Amino acid sequence: MKRTLVIVALTTVVLSLAGPAGAGGRRLTASDRKAISASIDTFVNHAVKRQDVSASYDVVAPELRGGMTRKEWAKGSIPAYPYPARGTSHGWTILYVTRDEVAVNLILRPKPGVKMRGILFNVYLRPVHGKWLVDSFMPAATINTELFGGAARVTSVRDFSPGAQSGGSHGKPLISSDVAFIPFAVLAVLLLGLLGALTYGALRYRPRAAGLPPFPGTRRAR
C-alpha cells in the first residue's frame, strides 16, 4: 500500500514538473490558478454535490454538457460523478499543462458522518474566453483513511492485477491468483503455436544449397 501511495505521489510530482516544460511554453499564472480553483470549486459544490446544479452550468465545457440546456442541466441528470464532498474549497495538483488544456488531480473526501471512501479524480479543464471550463471529471481511484483505523488504502486499476492486496472489501485480491494466469497461459500457447508454424515454414521452404551444413539449433520437421 505504501508503494501505491508513493507511486501516485511521485507520478503527480513528476508530471507537474515536466508538464509545463513540454507543453508549448504555457505556464499557469496566478490568475490562471485562481480561475481554475474557482471553476473546480463551483463544479464540485454544485454539480458533484448535486446542490443548485444549475449554478455549475457556466463552468462546464460544451463537450461535457452534451448539448444540454441550462434547464436540462439543472434537473441533475448530468455526466458528473455525484459525491457528498466535504468543504467548499478543494485543493488540486497539476498533472500536466498544454497550450489548450490543464489536467489536475483532485482528492475529495466525504462530509463528516458519511462513511464513504475518498476519491481521487482526474479533472481536465480548458481556457475559453478568459475562463477555465471543466471538460472532463473522471474518478481514478478510491482512498480510504477513515473506515480502516486511519490506514491509507488506495484502490485503482492496479488492484485488479493478480495478488493485489487492497482491491477487495477485506484486503483480499479481487482476482484470484489461481485463475488469473489463465489468459496469460492462453496467450503464451497461441504465441508458441505461431512461432512453431513460422519455424516449420522457414525450415521447409528455405533455399537448400548443396554442401552447406544445416543452421545451428534447427531440426528437420517431421
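The figures that follow rest on heavy atoms only: side chains count, while hydrogens, waters and symmetry mates do not. Please read these numbers as outputs of a predicted model, since none were measured by experiment.
- Considering CG of Leu125 and CD1 of Ile36, their distance stands at 6.0 Å, rounded to 0.5 Å.
- Counting heavy atoms from C-beta outward, Thr88 and Asp41 have side chains that stay 4.5 Å or more apart.
- Between the side chain of Arg86 and the backbone N or O of Pro112, no donor-acceptor pair lies under 3.5 Å.
- Atom CD1 in Ile78 sits 8.0 Å away from atom CG in Leu64 (nearest 0.5 Å).
- The residues Asp32 and Arg27 are annotated as not salt-bridged, no charged nitrogen and carboxylate oxygen being separated by less than 4.0 angstrom.
- Checked against the 6.0 Å centroid threshold, Tyr81 and Phe137 do not count as a close aromatic pair.
- Linking ILVMFWY side-chain heavy atoms closer than 4.5 Å, directly or via other members, places Ile119 and Val114 in a single hydrophobic cluster.
- Checked against side chain to side chain donor-acceptor pair (under 3.5 Å), Glu63 has the following partners two or more places apart in sequence or in another chain: Arg126.
- In terms of modelled atom types and a separation under 3.5 Å, the side chain of Arg65 and the main chain of Val60 share a donor-acceptor contact.
- Residues forming a salt bridge (Lys or Arg N to Asp or Glu O under 4.0 Å) with Arg33 (at least two apart in sequence, or on another chain): none.
- From Leu28, atom CG reaches atom CD1 of Ile94 across 4.5 Å, with rounding to the nearest 0.5 Å.
- Legend: residues meeting salt bridge (Lys or Arg N to Asp or Glu O under 4.0 Å) with Glu72, ordered by chain and number and at least two apart, are absent.
- Rounding to the nearest 0.5 angstrom, the gap separating the CG atom in Leu108 from the NZ atom in Lys49 is 9.0 Å.
- Judged by distance alone, with hydrogens and angles left aside, the side-chain atoms of Ser56 form a donor-acceptor pair with the main-chain N or O of Val53 at under 3.5 Å.
- Shortest non-hydrogen contact noted between Ala140 and Asn122 is CB-ND2, 3.6 Å.
- Hydrophobic clustering, with ILVMFWY side chains joined whenever heavy atoms are under 4.5 angstrom apart, keeps Phe121 apart from Leu133.
- Rounding to the nearest 0.5 Å places OG1 of Thr142 at 9.5 Å from CG of Leu120.
- Residues Gly76 and Arg50 share a closest heavy-atom pair of O-NE, 3.2 Å.
- The minimum heavy-atom distance linking Trp132 with Ser39 is given by the pair O-OG, 2.5 Å.
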*asked:* Between His46 and Tyr57, does the side-chain contact (heavy atoms from CB on, under 4.5 Å) criterion hold? Intermediate values first, please.
replied: CA-CA 9 Å; His46 298 288; Tyr57 189 81; over 6 Å; no
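- Closest approach of His90 to Leu106, counting heavy atoms only: CB-CD1, 3.7 Å.
- Closest of all the heavy-atom pairs between Arg109 and Tyr83 is C-OH, 3.4 Å.
- What you find for Asn45 and Gly87 is that their closest heavy atoms are OD1-O, 3.6 Å.
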